[in-house]
Colleague: 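Take this structure, written in structure tokens, and hold onto it; I'll ask about it next.
Hydrogens, waters and symmetry mates play no part in the numbers below; they use all other heavy atoms, side chains included.
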Amino acid sequence: MAHASHFNAVGSPFWAKYITYIITYPEYGYDGAKNSGICAVGEMWGYAIGNIMQKEKYPSDETPIHGHGRWFKPQVLTLILDKKILSKRQVYGAVIRSESREELRNNLIKMYPNKAHEINEIFKP
């Protein structure tokens, strides 16, 4: 659902780069490769929604955050949503305008300046 909604908003040109990246660099490749920012944003969103939906359906203090060791750091969006700093709709609004983690952070701050400190703290580690 997360990837389908993302595709619907950003369209084929974005996803052509995304798919090409995934095919070129198996297992999500690495940071710094051509179009790695596009992959980072798409996977951050996909993992975050998966994590949050799992926690909503199966609430537990021990619900794991999937993707924690990945270079694109999906736990960043999971924490923003889990701590209710921003809603899914608010995060999604920035996701569809971003092609890198840095651009995503900057868009979140630009769109929600009153949450800048919290956003920066979560993106920092």
Side-chain angles (χ1 to χ4, degrees):
M1 287 179 9
H3 286 324
S5 67
H6 189 213
F7 173 85
N8 191 49
V10 298
S12 294
F14 180 101
W15 271 75
K17 294 177 198 172
Y18 192 171
I19 292 166
T20 300
Y21 177 87
I22 299 275
I23 292 168
T24 305
Y25 305 100
E27 298 188 33
Y28 303 114
Y30 58 93
D31 195 12
K34 182 179 179 185
N35 293 321
S36 62
I38 286 174
C39 176
V41 170
E43 292 306 316
M44 288 173 79
W45 175 245
Y47 271 83
I49 291 301
N51 285 326
I52 293 300
M53 291 183 82
Q54 177 182 345
K55 191 167 188 168
E56 288 172 355
K57 182 149 178 89
Y58 307 105
S60 166
D61 291 338
E62 299 166 16
T63 303
I65 296 178
H66 300 289
H68 190 66
R70 298 283 191 179
W71 64 265
F72 46 85
K73 306 198 183 333
Q75 67 272 19
V76 168
L77 294 184
T78 300
L79 289 171
I80 287 172
L81 294 169
D82 192 39
K83 293 179 180 225
K84 300 186 183 343
I85 294 167
L86 297 170
S87 69
K88 291 177 209 152
R89 183 179 300 272
Q90 289 172 313
V91 171
Y92 180 70
V95 164
I96 63 173
R97 293 171 176 81
S98 305
E99 293 193 7
S100 71
R101 283 184 315 224
E102 296 77 21
E103 190 174 23
L104 176 57
R105 185 195 69 228
N106 293 341
N107 284 335
L108 287 167
I109 291 168
K110 194 181 312 174
M111 294 166 74
Y112 308 102
N114 61 323
K115 302 290 185 173
H117 176 73
E118 293 149 291
I119 292 166
N120 275 324
E121 287 301 306
I122 289 176
F123 267 87
K124 195 186 301 183

Colleague: Could you go step by step and tell me if Phe123 and Lys73 meet the side chain to side chain contact (heavy atoms under 4.5 Å, CB included) rule?
Modeller: CA-CA 9 Å; Phe123 267 87; Lys73 306 198 183 333; over 6 Å; no
Colleague: Please assess Cys39 against Tyr18 for the test side chain to side chain contact (heavy atoms under 4.5 Å, CB included), listing each intermediate value before the final yes or no.
Modeller: CA-CA 6 Å; Cys39 176; Tyr18 192 171; 4.2 Å; yes
Colleague: Between Lys88 and Glu56, is a salt bridge (Lys or Arg N to Asp or Glu O under 4.0 Å) present by the stated rule, with each step listed?
Modeller: CA-CA 13 Å; Lys88 291 177 209 152; Glu56 288 172 355; 3.1 Å; yes
Colleague: Look up atom NZ in Lys124 and atom CG in Asn120, then write down how far apart they are to the nearest 0.5 Å.
Modeller: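 Between Lys124 NZ and Asn120 CG, I get 7.5 Å after rounding to 0.5 Å.
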Colleague: For Pro74 and Ala48, work out which heavy atoms get closest and say how close.
Modeller: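 It is O-CB, 4.3 Å.
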Colleague: Report the distance from atom CD1 of Ile52 to atom CG of Leu79, rounding to the nearest 0.5 Å.
Modeller: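 Going from CD1 on Ile52 over to CG on Leu79, the span is 8.0 Å.
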Colleague: Working note: Ile122 + Leu77, criterion side chain to side chain contact (heavy atoms under 4.5 Å, CB included); need CA distance, chi angles, decisive distance, verdict.
Modeller: CA-CA 9 Å; Ile122 289 176; Leu77 294 184; over 6 Å; no
Colleague: Measuring from Ile22:CD1 to Glu27:CD, what's the distance to the nearest 0.5 Å?
Modeller: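 If I round to the nearest 0.5 Å, the distance is 11.0 Å.
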Colleague: For Leu86 versus Leu108, what's the shortest heavy-atom pair and its separation?
Modeller: CD1-CD2, 3.6 Å
Colleague: Within this structure, what is the CD1-NZ distance for the pair Ile85 and Lys115, rounded to the nearest 0.5 Å?
Modeller: 7.5 Å
Colleague: Return each pair, listed once, that meets ring-ring contact (aromatic ring centres under 6.0 Å, His included) where at least one residue sits in residues 59-99; pairs must be two or more places apart or across chains.
Modeller: Tyr28-Phe72, Trp45-Tyr92, Tyr47-Phe72
Colleague: Do the side chains of Tyr58 and Met1 join up, straight or via other hydrophobic residues, at under 4.5 Å, putting them in one cluster?
Modeller: no
Colleague: Taking all non-hydrogen atoms of both residues into account, name the closest pair between Gln90 and Met111 and its distance.
Modeller: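 In terms of heavy atoms, the two residues are closest at O-CE, 4.5 Å.
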Colleague: Please assess Tyr21 against Ile38 for the test side chain to side chain contact (heavy atoms under 4.5 Å, CB included), listing each intermediate value before the final yes or no.
Modeller: CA-CA 8 Å; Tyr21 177 87; Ile38 286 174; over 6 Å; no
Colleague: Can you list every pair that meets ring-ring contact (aromatic ring centres under 6.0 Å, His included) and has a residue in residues 96-116, with sequence neighbours left out?
Modeller: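 The answer is none; no pair qualifies.
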Colleague: Listing request: all salt bridge (Lys or Arg N to Asp or Glu O under 4.0 Å) pairs with a residue in residues 93-108, at least two apart in sequence or in separate chains.
Modeller: Asp31-Arg101
Colleague: Specify the closest pair of heavy atoms between Ala2 and Ile49, including all atoms of both residues, with the distance to one decimal.
Modeller: CB-CB, 3.7 Å
Colleague: Where do Ala16 and Thr20 come nearest, in terms of heavy atoms and distance?
Modeller: O-OG1, 2.7 Å
Colleague: To check you understand the geometry: which heavy-atom pair defines the closest contact between Asn107 and Ser98, and what is its length?
Modeller: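 Taking Asn107 first and Ser98 second, the nearest heavy atoms are ND2-OG, 2.9 Å.
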